[in-house]
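This one's a predicted model, so the numbers in the text were calculated from it and none came from an experiment. In listed order, ligands and their atoms are each counted from 1.
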Amino acid sequence: MKKVLTIAGSDSTGGAGLQADLKTFEEYGVFGFSSITSIVTMDPEQGWSHEVTDLGAELLRKQLVSVFAGEGIDALKTGMMASEDNIELASQFIKEYDIEKAVIDPVIACKGTAQILQPKSVEGLKKFLIPNAYVTTPNLIEAGILSGLGDITSVEGMKEAAKIISELGAKNVVVKGGHRLGIDKALDVFYDGQDFFELENELYKTDFNHGAGCTFAAAITAGVAKDLSPLEAAKLAKDFVAAGIKNGVRINKYVGHVWHGAYNKAEDRL
Ligand code: PXL
């Protein structure tokens with residue numbers, strides 16, 4: 001049995017964060033561990049604004065000690081880290097336990113909130129986590145910030161950003177085009193430090209896609225844990241997320257989530 005860890009925030013509504021990760025791990029048939037950095041809550045009286053509560057590096061350290069007291073893990077994923085201390089701590093465990101397959105989802109901002117990670121944390125991602133990345137999965141905004149290119153509006157821009165981010169030390173970079181690219185395809189750019197690949201899927205016009213980014217990175221993590229190559233894992237993850245978006249679930253009047261079980265039609269299981 002492959003064992004996979006997520007180091008991420010909790011999304012109490014179950015679409016993104018470690019909830020997305022664990023649900024995805026289960027669908028891929030890998031055993032999921034989690035270490036929680038922070039808890040995200042949403043306020044219906046403030047138009048569904050998000051609040052991030054950092055749980056602190058000491059509690060994160062205790063969780064990581066618990067996880068790594070086992071017989072090792074095959075891959076891990078980082079998501080919302082909430083502080084520079086949490087980022088540095090995660091990188092120490094990645095190095096100490098020699099984790100080759102670390103998928104770094106450089107979560108800088110959540111949809112629906114103006115709260116972005118402090119600039120120090122962005123520097124922390126660049127200094128501590130991206131250099132340890134087997135795969136990193138920035139969206140257009142994150143790729144613009146991490147690369148210093150700012151607004152990215154074209155496939156050429158995505159490639160340029162992927163190259164800069166790869167030079168920070170990430171072995172493989174997937175820049176996710178998503179809706180923001182403004183074309184009629186869901187197009188991602190995959191770069192392995194040598195070659196570029198354009199990954200294309202149908203673009204589903206829906207608002208029920210909360211959690212898509214976390215689910216994509218979690219699916220890649222589970223895929224590489226099961227010995228898919230990073231490119232194969234990214235392609236499969238794209239199909240997995242596309243099914244989740246196509247079958248998204250309305251949660252309330254503010255938000256709809258990807259359905260993590262869609263690819264395997266989990267709703268038909270007994
Ligand atoms: O999608 C980014 C994200 C990551 N992690 C957690 C979140 C969100 C967005 O809401 O809640 C825990």
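- The neighbour count for Lys163 NZ, taken as heavy atoms of other residues, nucleotides or ligands under 6.0 Å away, does not exceed 12.
- Within the listing of ligand 1, atoms 10 (O) sit less than 4.0 angstrom from a heavy atom of His50.
- A donor-acceptor contact closer than 3.5 angstrom links the side chains of Asp105 and Thr137.
- Each of the following atoms of ligand 1 lies closer than 4.0 Å to a heavy atom of Gly17: 5 (N), 6 (C), 12 (C).
- Counting Ile, Leu, Val, Met, Phe, Trp and Tyr side chains that sit under 4.5 Å apart, directly or through other members, Val258 shares a hydrophobic cluster with Val103, Tyr134, Val135, Val174, Phe190, Phe197, Leu199, Tyr204, Phe216, Ile220, Val224, Leu231, Val241, Ile245.
- Numbered from 1 in the order shown, with element, the atoms of ligand 1 that lie under 4.0 Å from a heavy atom of Val40 read 11 (O), 12 (C).
- In this structure, Gly213 falls outside the shell of residues with a heavy atom less than 4.0 angstrom from ligand 1.
- In this structure, the side chain to side chain contact (heavy atoms under 4.5 Å, CB included) partners of Glu232, at least two apart in sequence or on a different chain, are Leu228, Ser229.
- For Gln63, the CD atom is densely surrounded, since the number of other residues' heavy atoms within 6.0 Å is greater than 12.
- The proximity of Ser10 to ligand 1, defined as any non-hydrogen pair under 4.0 Å, is limited to the backbone.
- Each of the atoms 11 (O), 12 (C) of ligand 1 lies under 4.0 Å from some heavy atom of Asp11.
- Close approach to His210 involves these atoms of ligand 1, each under 4.0 Å from a residue heavy atom: 9 (C), 10 (O).
- Of all the atoms in ligand 1, the ones that sit under 4.0 Å from a non-hydrogen atom of Gly9 are 12 (C).
- Checked for salt-bridge contact, Glu96 and Arg61 miss the test: no charged N lies under 4.0 Å from a carboxylate O.
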